[in-house]
Amino acid sequence: MTGNGNIFGAMLQEFDSAARLMNLEPGIWRILTSPKRQIIVSCPIQMDSGEIEVFTGYRVQYNISLGPAKGGIRYHPDVTLDEVTALAAWMTWKCAVSQIPFGGGKGGVICDPTRMSRREIESLTRRYVAEIIDAIGPDKDVPAPDVNTNEQVMAWIMDTYSMHVGHTETAIVTGKPVVLGGSLGRREATGRGVMICAREAARHMEMDLRGATVAVQGFGNVGSVSADLLSKLAARVVAVTDWKGGVYNEAYLDIPALMDWVKEHKTVDGFPGGHPLSNDDIFKLEVDFLIPAALENQITLDNVHDIKAKAIIEGANGPTTPDAHKILHDRGVFVVPDILANGGGVTGSYFEWVQNRHGYYWSEAEVNRQLEEKMVEAFGAVLKTALKFKVDMRTAAYIVAIDRVATVTRLRGMYA
Ligand code: NAD
């Protein structure tokens with residue numbers, strides 16, 4: 001979503017349509033549409049060339065009524081405060097829908113890590129953390145990976161924070177390497193949540209998942225795990241695309257073999273188990289499930305009329321534009337929105353934080369069991385709301401989220 005105009009405005013549009021239906025009182029409306037805290041920092045770094053460069057970083061804590069702020073940190077040249085604020089708001093609603101005791105946060109640094117050395121990225125990470133250190137902490141704000149940040153960056157964040165407080169503090173950040181307090185099953189949690197949403201959607205639509213056809217755009221963390229787990233439930237994943245190209249087999253694709261191919265070739269393109277398929281054509285396929293798991297703004301007014309899928313499970317954040325979403329809903333396509341469908345990721349992060357704080361680590365089976373419980377519960381609450389208000393699942397997810405944050409806001413009252 002990096003750099004795409006007024007993203008906060010788009011978030012407000014979604015918020016407003018749900019808030020109107022709920023008759024949300026104006027005061028609470030005002031609170032929930034105002035970011036609690038926006039931090040802007042300058043991070044001077046000595047580059048390998050000897051030059052000093054100053055990078056601008058942001059950390060936004062949108063709402064912390066339910067608990068510590070939670071949300072990733074992205075490194076990208078197009079990061080803006082507007083974007084970080086919108087993403088922090090979406091984290092607020094996602095945590096609330098998933099019923100985890102976190103608020104919403106997000107961070108970003110304007111930089112191009114593809115043009116920086118490992119040492120420069122480490123220095124920038126440590127300086128950024130030092131600049132925002134008073135605002136973060138296991139009870140205050142717990143960052144995580146996002147675009148262009150990974151387990152290594154999380155390890156540097158944990159180390160920098162730990163050096164400042166004088167002891168090892170694993171619960172300061174999630175998405176860490178497992179040996180440093182990361183959680184088993186966290187890497188797969190988002191894709192697992194997508195699979196659970198597809199399964200629950202099939203149940204609601206009275207469709208047999210066994211033999212159902214699935215197309216997946218994006219074969220990274222979210223897309224590949226979703227495809228793998230759905231194929232293990234005997235769904236037929238017939239099409240997959242990524243940045244370079246795609247592959248289609250009308251019977252089904254051998255997903256484990258495709259994963260091996262991608263390990264070696266870094267793309268699904270050229271996989272011998274099917275025919276080539278373009279990124280445009282994946283949206284035209286007659287499939288039961290379409291899973292966008294790559295980028296934002298993929299389903300738009302330009303291609304929405306080509307879509308023949310019966311259900312769309314949004315693995316990616318913001319893959320469907322609001323106007324395209326309206327058309328899908330009017331046509332009876334069942335869309336499971338991002339703030340519900342990919343909530344398995346932040347739920348897995350919550351489990352990591354819980355384990356860090358207990359100093360007691362769960363088996364992968366236990367992580368998966370608890371994730372299953374949380375996702376099924378969240379899906380059920382949103383579906384029930386959609387049926388009650390006679391609205392689409394996205395509006396329903398907002399209603400659930402807003403109601404939870406509004407309820408605690410009213411209970412806590414105004415401090416003045
Ligand atoms: P990733 O980088 O692991 O994978 C992205 C995939 O998208 C890759 O296969 C890439 O080739 C493909 N892709 C990139 N550009 C494309 C294009 N133009 N057309 C088609 N495919 C393209 O990323 P990820 O972690 O799997 O995240 C995917 C989406 O899910 C993002 O929107 C992300 O914000 C969202 N998400 C991820 C998590 C998580 O835990 N990883 C959690 C919540 C939401």
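Just so you know, ligand 1 is whichever comes first in the structure, and atom 1 is the first atom listed for that ligand. By convention here, the first residue in the shown sequence is residue 1. These numbers come from a predicted model, not from an experiment.
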>> Please verify the inter-ring angle class for Tyr350 with Phe102; under 30° counts as parallel, over 60° as perpendicular, anything in between as tilted.
In response: perpendicular
> Does atom 2 (O) of ligand 1 have a protein non-hydrogen atom under 4.0 Å from it?
Replying inline: no
> Looking only at N/O atoms, are Asn342 and ligand 1 under 3.5 Å apart anywhere?
Replying inline: no
> Closer than 4.0 angstrom: is that true for some heavy atom of Arg186 and an atom of ligand 1?
Replying inline: yes
> Do other residues, nucleotides or ligands put more than 12 heavy atoms under 6.0 Å from the NZ atom of Lys36?
Replying inline: no
>> Less than 4.0 angstrom from a charged side-chain N to a carboxylate O is my criterion; do Glu83 and Arg74 meet it?
In response: yes
> How close does the nearest protein non-hydrogen atom get to atom 21 (N) of ligand 1, and which residue and atom is it?
Replying inline: Asp242 C, 3.2 Å
>> As an exercise, identify every atom of ligand 1 less than 4.0 angstrom from a heavy atom of Ala316.
In response: 29 (C), 30 (O), 32 (O), 35 (C)
>> For the residue pair Arg126 / Thr160, report whether a side-chain donor-acceptor contact shorter than 3.5 Å exists.
In response: yes
> Can you say whether the rings of Trp261 and Phe271 are parallel (under 30°), tilted (30 to 60°) or perpendicular (over 60°)?
Replying inline: perpendicular
> Just going by heavy-atom distances, which of Gly220, Ala144, Gly193, Pro319 is nearest to atom 5 (C) of ligand 1?
Replying inline: Gly220
> Which ligand 1 atoms does Asn279 reach within 4.0 Å, using its non-hydrogen atoms?
Replying inline: 19 (N), 20 (C)
>> Can you tell me how the ring of Trp362 sits relative to the ring of Phe351, calling it parallel under 30°, perpendicular over 60° and tilted otherwise?
In response: tilted
>> According to salt bridge (charged side-chain N to carboxylate O under 4.0 Å, His left out), who are the partners of Glu314, at least two apart in sequence or on a separate chain?
In response: Arg394
> Which residue holds the protein heavy atom closest to atom 28 (C) of ligand 1, what is that atom called, and what is the gap in Å?
Replying inline: Ala293 O, 3.4 Å
>> Salt bridge or not between Asp330 and Lys326? Use side-chain N to carboxylate O under 4.0 Å.
In response: yes
> Is it true that Arg199 and Glu372 make a salt bridge, defined as a side-chain N closer than 4.0 Å to a carboxylate O?
Replying inline: yes
> Taking N or O atoms only and a 3.5 Å limit, does Thr190 qualify as a polar contact for ligand 1?
Replying inline: yes
> How far is atom 14 (C) of ligand 1 from its nearest protein heavy atom, and which residue and atom name does that atom have?
Replying inline: Trp243 CB, 3.8 Å
> Where's the contact between Val222 and ligand 1, heavy-atom distance under 4.0 Å: side chain, backbone, both or neither?
Replying inline: both
> Given that the side chain starts at C-beta and the backbone is N, CA, C, O, which of these parts of Gln298 lies under 4.0 Å from ligand 1, counting heavy atoms, or is it both or neither?
Replying inline: neither
> Does the N or O separation between Asn221 and ligand 1 drop below 3.5 Å for any pair?
Replying inline: yes
>> Using only atom types and a distance under 3.5 Å, with no angle test, would you say the side chain of Asn303 pairs donor to acceptor with the backbone of Asp306?
In response: no
> Any idea which of Ala341, Gly345, Gly315 brings a heavy atom closest to atom 36 (N) of ligand 1?
Replying inline: Gly315
> Which residue owns the protein heavy atom closest to atom 31 (C) of ligand 1, what's the atom, and how far is it?
Replying inline: Ala294 O, 3.5 Å
> Tell me: protein heavy atom nearest atom 33 (C) of ligand 1, and distance?
Replying inline: Asn317 ND2, 4.0 Å
> Which ligand 1 atoms does Leu295 reach within 4.0 Å, using its non-hydrogen atoms?
Replying inline: 15 (N), 16 (C), 17 (C), 18 (N)
> When only distance counts, is Phe219 in polar contact with ligand 1, meaning an N/O pair under 3.5 Å?
Replying inline: yes
> Below 4.0 angstrom, N of the basic side chain to O of the carboxylate: do Glu373 and Arg369 qualify?
Replying inline: yes
